[in-house]
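For reference, the structure is listed below as C-alpha cells.
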There are 2 protein chains.
Amino acid sequence: MEAETDVDVCAKWSETLRVYHNTSCELENELQSRHDLGRSEFEVLLILSRECGAAAGGKAKMKDIEAEMYLSQSALSRTVTRLEKAGLVTRAACDFDRRANFLMLTPAGLERFEAAKPTHRAVLVKHLVDTTASQPAAACSR
Amino acid sequence: MEAETDVDVCAKWSETLRVYHNTSCELENELQSRHDLGRSEFEVLLILSRECGAAAGGKAKMKDIEAEMYLSQSALSRTVTRLEKAGLVTRAACDFDRRANFLMLTPAGLERFEAAKPTHRAVLVKHLVDTTASQPAAACSR
DNA sequence: TGACATCCAATGCGCGTGCATGTAAGGTTC
DNA sequence: GAACCTTACATGCACGCGCATTGGATGTCA
C-alpha cells in the first residue's frame, strides 16, 4: 500500500493547502479592510474575549495566550504591541509574578472584536461548510 | 442551525489550522535541514519534475507554475532566483514569446529533488495518514 | 547570602511574502 | 507604423514571522 498511500496523502495535503490558503487569505483581507485587524490580532482578541468572559473585560497571561495560538513568543509580543498601540488592549504587570504580564481587553477592544466577529464567522462558514464552494485555487486577492 | 454551524465551523477551522501548521512547519524544517530547500523551492522542483517527466529534464513556463502554486508572481520570481543561484534550475527565454521564461531542471536540481522526495513524503504521511498522530498544538520547532 | 539554572517578555536581525510599480514584449486598431 | 492596451517577469518596499539573544524576576541549593 505504498503507492496508494502516496497519492492519498498528496491529495489530502493539496486539499488542506487549498482550504487553508483560501480561507486565511480571505480572512486576512476581510478583517483588514473592514475592521483594520490582522488575523493574529483578531485571534488574540478572540482568546481574550473567551478567557474571562467578555463582560468581565477579558484578561489573560501572555504565556496562556501563546499556548493557544500557532504563533511564536516574539510574534505574539509584537502583535500585542500593535493591539496596545491601537488602544484595543492593555498590558498590566502581575503582582505575584513580575515576570508575567496580564493582558486586558479595553472597551474599545471589545467593541472592535464584537464588530469583527460576524465577518470572521461569515468567512469561515463560506469556506468550511460546503468545502467545494471555494474550489478554484483562488489566489490571495488577485 | 445558527449556533450549531458556528461551533462546527470554528472547530473545523481550528483543526485545519492545526494540521496545516504542524505539517508545514515540519516540512519546512526537514527540507531545510536535510536538503537545504525551502517549502516553496521544493514545490517548484516538484512541479518541474512532473511537467515534462523527470527524464526529459522538466521544463515549464513561469506562468504555468504560478498557476499551480499558492504563491504570488513576485514570490515565485524570487523563489526561482534562489533555485537558479543554487544551480538547481535554469531560466531560458522562449523563442516564440520573449516575454515568457521557460524553467528547466538541471541535473543537480533533479538529483536534489529525488533526494528530498522521501523526506517530503514521510512528513506528509506522518501528519496526514493518522490525523490524530500530531495531536498536540506543537509549535514550529520549539 | 551567594551562585546558578530557569522562566517571561522584549528586541535585533534576516527572511520570505504580497502589493505596487517598472520594463520589455506582444497584440489590436486605425 | 503610431497609439494604445495587455501580458510576463523583475524589483522596491513594507510587513509579519521565527530564531537567537538580552535583561529582569524567580526558584533552588549549598
Could you report the tightest heavy-atom contact between [X] and [Y], atom names first, then the distance?
| X | Y | answer |
| --- | --- | --- |
| B/Ala93 | B/Phe102 | O-CD1, 4.4 Å |
| B/Thr119 | B/Ala115 | OG1-O, 4.3 Å |
| A/Leu128 | B/Val9 | CD1-O, 3.7 Å |
| B/Leu48 | B/Leu103 | CD2-O, 3.5 Å |

| request: Would you check if A/Leu88 and A/Leu105 make a side-chain contact, meaning some heavy-atom pair closer than 4.5 Å? | output: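 Sidechains of A/Leu105 and A/Leu88: no contact.
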
| query | For nucleotides 3-13 of chain D, read 5' to 3', which letter fits each nucleotide if B means a protein heavy atom sits under 4.0 Å from the base, S means only the sugar-phosphate is that close, and - means neither? | reply | ----BSBBBBB

Interatomic distance, [X] [atom1] vs [N] [atom2] [rounded to whole Å]:
| X | N | atom1 | atom2 | answer |
| --- | --- | --- | --- | --- |
| A/Met69 | C/dA9 | CE | P | 14 Å |
| B/Asn29 | C/dG16 | CG | C1' | 15 Å |
| A/Lys85 | D/dC15 | NZ | C1' | 13 Å |
| A/Tyr70 | D/dG18 | OH | C1' | 17 Å |
| A/Leu71 | D/dC15 | CG | P | 18 Å |
| A/Asp95 | D/dT26 | CG | P | 11 Å |
| A/Ile65 | C/dA10 | CD1 | P | 11 Å |

| remark: B/Arg82 has its side chain closest, among D/dC17, D/dT26, C/dT17, to C/dT17

| field | Polar side chain donor-acceptor pair, B/Arg82 to B/Thr79, under 3.5 angstrom | value |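 On atom types as modelled, these side chains qualify, holding a pair under 3.5 Å.
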
| task | Go through residues 32-41 of chain A and report each residue with a non-hydrogen atom lying under 4.0 Å from DNA chain D, sorted by number. | result | A/Ser40

| Angle class for the B/Tyr70/A/His21 ring planes (parallel below 30°, perpendicular above 60°, tilted otherwise)? | tilted

| said: Evaluate A/Lys126 against A/Glu30 for salt bridge (Lys or Arg N to Asp or Glu O under 4.0 Å), listing each step before the verdict. | reply: CA-CA 13 Å; A/Lys126 172 178 171 190; A/Glu30 292 293 283; over 6 Å; no

| task | Quick one: pull up CE in B/Met62 and CZ in B/Arg91 and give me the separation to the nearest 0.5 Å. | result |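 Between atom CE of B/Met62 and atom CZ of B/Arg91 there are 5.0 Å.
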
